[in-house]
Structures are given as C-alpha cells and as structure tokens.
Number of protein chains: 2
Amino acid sequence: MISQAEENYLKALFHLTNETEEKVEAGTNELAFYLEVKPATVNDMLKKLKEKELVSYKKYGKIMLTQQGREYAVEVVRKHRLWETFLYEKLEFSWDEVHEVAEQLEHIKSKKLVEQLDRFLGFPKIDPHGDPIPNSKGEIKYLKRKTLTDIPVGAVCKLVAVKDSSASFLQYAVQIGLGLSSKIKIISRQEFDGSVEIEIDNKRSTVSQKFAENLFVL
Amino acid sequence: MISQAEENYLKALFHLTNETEEKVEAGTNELAFYLEVKPATVNDMLKKLKEKELVSYKKYGKIMLTQQGREYAVEVVRKHRLWETFLYEKLEFSWDEVHEVAEQLEHIKSKKLVEQLDRFLGFPKIDPHGDPIPNSKGEIKYLKRKTLTDIPVGAVCKLVAVKDSSASFLQYAVQIGLGLSSKIKIISRQEFDGSVEIEIDNKRSTVSQKFAENLFVL
DNA sequence: TAAAATAGTTAGTCTTATCTAACAAATATT
DNA sequence: AATATTTGTTAGATAAGACTAACTATTTTA
C-alpha cells in the first residue's frame with residue numbers, strides 16, 4: 001500500500017522530471033523545496049520509495065522514478081486532473097478553486113471510481129488549466145501550444161492552457177471573464193508594447209504582452 | 001483541525017447513540033468493537049476528543065457527544081451519504097460498492113464541495129440504502145423504513161438493505177435469487193402467518209414474515 | 001457479600017512522517 | 001590546490017494513532 005505522503009513524492013518527482021522534456025532526474029533539495037519539507041525528510045522518504053522500487057537512487061546521486069514509480073505517479077496525476085474537471089464542469093467551481101480540493105481527492109483509492117468518473121465526464125482530454133489528462137493506460141497526449149501573441153488581429157481562438165497558474169494570475173483571468181475554453185477575439189494589437197485588446201463574451205479588455213504570452217490557445 | 005481518525009470516532013459515537021433514539025451514551029468496549037480497534041486505543045482517543053470538547057466523559061463513566069461533537073458527526077454522515085448517492089446515481093456503482101469508497105470520500109474537507117454536490121444531486125433526502133441525508137443545517141428527517149411486510153400485494157419494490165446479515169440469512173437469500181437491488185414483486189400474502197409469495201426475476205418463492213421483516217425496501 | 005467476570009485505564013512500544021542540528025560529500029571559486 | 005559553498009546524510013526528537021500487557025474499578029452472580 002502506498003501512502004498519501006508517498007503518492008505526493010511520486011507526483012512531485014513526475015512534475016520535476018518526466019513532465020518536463022529535458023530533465024529525467026532531480027536532487028534532494030529541489031524535491032524538498034517543491035514539497036515544502038526539509039531535505040532530511042525527503043532523504044528518509046527516498047529510502048522507503050527505493051525499498052518499494054518506485055525510485056532509483058544512490059547515496060549522493062540523482063533521484064529518478066522507476067518505470068513502476070512513473071506509472072503510479074501518472075495515475076495520481078490522472079486522478080487529480082479528472083477531479084479538477086469534475087469540480088469545474090459539474091460543481092461550478094471556479095478555475096482557481098479546483099486545485100486545493102483535487103489535492104485531497106486524488107488520493108482516494110478505487111479503480112472503479114476513476115474509470116467511472118472518466119466516463120461520466122466524457123473522457124476529457126484536458127483539465128480546467130489546460131493540462132493533458134492521462135488516459136486509463138497512462139498515455140499522455142501533449143498538445144503543441146500556441147500563445148495569444150501568435151494569433152492575428154481579427155481572429156478568434158480558444159483558451160486551452162496557461163503557462164503560469166499562480167493564484168494572482170488565475171484571479172486576474174477570472175476578473176476579465178476568462179475561463180477554460182473561453183473564446184477570445186483579437187480586436188487590436190499595439191505595435192509599441194505588444195499589448196492586445198481582446199473580447200470575451202462581448203466584454204472587451206486590454207492585456208499586456210506578458211499576460212498574452214501566458215495564455216496557450218488553439 | 002480534526003483528523004480522519006477523530007472524525008471516525010465521532011461518527012461511530014453518533015451511530016451508537018444519537019442515531020438510535022433511546023441511547024445517548026456509549027462505553028469504551030462498545031466503541032472499540034464498533035471501530036475494530038482495542039479499548040486502550042479508544043481510551044487514548046477519548047482524551048483528545050475531550051480536550052477538543054467534542055465528547056464529554058469522566059474516568060470510568062459513560063461517553064457522550066457534546067453538542068459540538070454531534071454537529072461535526074452529522075456533517076460527516078451528511079458527506080458520506082451524499083457521496084454514496086453520487087456513486088450510485090451518477091457513476092453506476094452498485095448498492096454494495098458505495099460504502100467503502102464513501103468511507104474515504106467523507107473525509108474530504110471543503111464546505112463548497114459538499115454544498116455543490118448536494119445541489120448537483122438535487123438535494124436528495126435518502127441515500128441508496130434508504131438512510132436519511134442530513135441537510136446543510138444538520139437537520140435529519142427520519143423516515144420510517146419500509147420492510148417487505150409494508151408492501152401491498154401486487155406492488156413491486158427494490159431491496160436496499162437488510163436488518164440482519166448473518167450467514168444463514170444470506171445463504172437463504174442467495175437460494176431464492178435475492179441480490180442487492182433486486183426488484184421484488186409481491187404476489188400474495190397469507191393472513192394466517194404473514195408469509196408472502198414473492199417473485200424475483202420471474203422466479204417465485206414463499207418466505208416467512210420473519211424473513212420479510214428483515215428486508216428493507218424502497 | 002465475596003469471588004468472578006466484565007469494563008476501563010495505564011504504561012510502554014511501534015510506525016509513519018515530520019523536524020532540527022550536526023556532519024559528510026560534491027562542486028564552485030579564488 | 002585550498003577553501004568556501006552547496007547539497008545530501010545521519011542521528012535523535014516529536015506527534016499521531018495504533019498496539020500489548022498489566023493493572024484497577026465496577027458489576028454480576030453464586
């Protein structure tokens with residue numbers, strides 16, 4: 001049996017390594033910082049995870065998920081993103097509220113629950129933040145991503161993801177009526193600073209280039 | 001913050017006392033048996049719960065929930081039964097599969113989640129076992145639970161729970177084709193001894209009044 | 001009512017997940 | 001290469017929630 005704490009370590013390792021193309025290994029301090037615990041704690045936990053053959057590492061060496069560990073981590077990510085989708089689509093949670101609750105729900109242990117939830121939601125491909133939802137075989141389809149800055153004036157696009165999902169960004173997004181799958185029309189663009197005037201549900205706003213670069217669209 | 005273990009003790013106390021009209025207090029051994037832990041463990045936990053003013057008890061005395069403890073317990077029961085309803089109605093879980101998963105889901109902490117789930121389900125009054133679901137104010141409307149003996153001849157009902165689940169009863173049930181969520185049609189009833197002829201999946205059997213009283217139906 | 005049975009408590013141990021403080025190894029800098 | 005800095009490890013502590021074994025209080029019964 002894998003505890004909730006262990007699941008969190010696996011998920012963290014997945015996000016720090018496998019999820020980002022280049023990196024395949026992490027360090028103790030890095031993991032500790034990510035999980036907001038002390039390096040000593042990570043060290044203890046790694047021993048347990050190594051014992052269970054979920055991670056591979058040697059003293060003073062780099063940390064890597066084993067195949068088994070990766071599979072487990074992907075399952076947790078799958079659950080997290082399915083629950084986020086459920087909260088957003090069915091329970092009227094807003095974009096910035098889903099994460100905290102999904103952090104709890106992702107640890108519920110029931111194979112049937114996950115599969116039925118997936119079916120109930122219509123086998124969604126992306127979660128409310130636009131991140132891909134692994135399928136039941138653990139396959140993840142990463143979509144190539146364009147940002148708002150790539151869209152020409154006059155065109156309409158759909159928001160599918162965000163680069164930075166800090167609370168401050170998400171709150172700003174909600175303020176201007178921006179939600180997942182929002183249709184965004186490009187009204188005009190300033191050559192001077194790259195700021196763009198956009199229209200969402202007949203509501204116009206002007207956002208900076210920095211903001212626009214943070215929005216992945218299709 | 002109240003831990004999952006603590007929540008389970010409160011819920012157990014509620015079921016052993018407040019839920020049954022007569023009893024208002026429980027003993028250490030009784031609680032231990034119910035929770036499948038040892039009396040010593042219960043004793044330790046009671047000290048914590050007393051400290052938090054969720055139970056009242058004195059050394060060698062009886063255990064009782066405080067008003068606060070009762071309110072908390074009802075909230076947990078509410079969550080449990082809402083989740084059972086969700087699993088049964090939306091995710092195609094069968095009658096006997098919902099409990100185990102609801103035991104996990106009831107500990108998720110999010111006020112909004114509970115209220116939205118309740119709304120999503122259309123503010124259900126009873127769970128898939130026919131037990132009442134407390135409303136958001138903690139009020140519980142106890143309905144008289146119907147048994148097979150309350151169903152008139154000619155009507156059809158659905159099995160939702162059993163009073164006694166001894167092996168001898170279950171074996172008998174299996175023999176006559178009675179399973180969870182079985183649809184039962186009342187063919188005839190003997191005035192003399194209250195025995196009933198029933199039909200399950202086109203198969204007829206005659207059962208005693210004692211047997212019929214053991215079946216909760218909807 | 002005295003002995004037996006039952007119920008409840010205490011003390012000490014275990015495991016998990018965390019911490020702090022001190023130490024060791026690896027890497028970077030001058 | 002010597003030293004300083006960063007990174008990782010170890011040892012020992014703590015808190016929660018469980019256990020066993022031994023003890024004490026209460027209740028039953030002969």
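Below, all heavy atoms of this structure are taken into account, side chains as well, without hydrogens, waters or symmetry copies. Residue numbers begin at 1 in each chain, while the letters A, B, ... track the order of the sequences. Keep in mind the model is a prediction, meaning the values are calculated, not measured.
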Practice item. Provide, to the nearest angstrom, the distance between the CD atom belonging to A/Glu30 and the C1' atom belonging to D/dG8. Key: 13 Å

Review point. Does any pair with a residue in residues 34-53 of chain B pass salt bridge (Lys or Arg N to Asp or Glu O under 4.0 Å), and if so which ones, sequence neighbours excluded?
Key: B/Glu6-B/Lys52

Practice item. Could you tell me the separation between the NZ atom of B/Lys50 and the C1' atom of C/dG8, rounded to a whole number of Å? Key: 14 Å

Review point. Could you state the CG-C1' distance from A/Asn29 to C/dT27, rounded to the nearest angstrom?
Key: 13 Å

Revision key, fill the gap. Sorted by chain and number, sequence neighbours left out, ring-ring contact (aromatic ring centres under 6.0 Å, His included) with B/Tyr9 holds for none

Practice item. Give the B/S/- string for nucleotides 12-24 of chain C, one per nucleotide from 5' to 3', where a protein heavy atom under 4.0 Å of the base yields B, of only the sugar-phosphate yields S, and otherwise -. Key: ----SSBBB----

Review point. To the nearest angstrom, how far is B/Leu31 atom CG from C/dT6 atom P?
Key: 20 Å

Review point. Can you check whether B/Lys59 has a side-chain N or O nearer than 4.0 Å to OP1 or OP2 of C/dT10?
Key: yes

Check your understanding: To the nearest Å, how far apart are A/Leu35 CG and D/dG8 P?
Key -> 14 Å

Practice item. Can you measure from CG (B/Leu82) to CG (B/Asp118) and round to the nearest 0.5 angstrom? Key: 5.0 Å

Review point. For A/Phe33, which contact category applies under a 4.0 Å heavy-atom criterion: base, sugar-phosphate, or nothing?
Key: nothing

Side-chain polar contacts of residues 68-76 of chain B - donor-acceptor pairs under 3.5 angstrom, sequence neighbours left out - could you list them?
residue	atom	partner	partner atom	Å
B/Arg70	NE	B/Asn18	OD1	3.0
B/Glu71	OE2	B/Gln67	NE2	2.9
B/Tyr72	OH	B/Glu7	OE2	2.7

Revision key, fill the gap. The complete set of salt bridge (Lys or Arg N to Asp or Glu O under 4.0 Å) pairs with one or both residues in residues 84-94 of chain B, sequence neighbours excluded, reads none

Review point. Rounded to the Å, how far apart are B/Lys47 NZ and D/dA18 P?
Key: 15 Å

Revision key, fill the gap. Between CD1 of B/Ile2 and C1' of D/dG17 the distance, given in whole Å, is 16 Å

**Study point:** Short side-chain N/O contact from A/Lys58 to OP1 or OP2 of D/dG8, under 4.0 Å
**Key:** no

Exercise for review: Mind checking ring-ring contact (aromatic ring centres under 6.0 Å, His included) for B/His99 and listing every partner two or more places apart, or none if nothing turns up?
Suggested key: B/His80

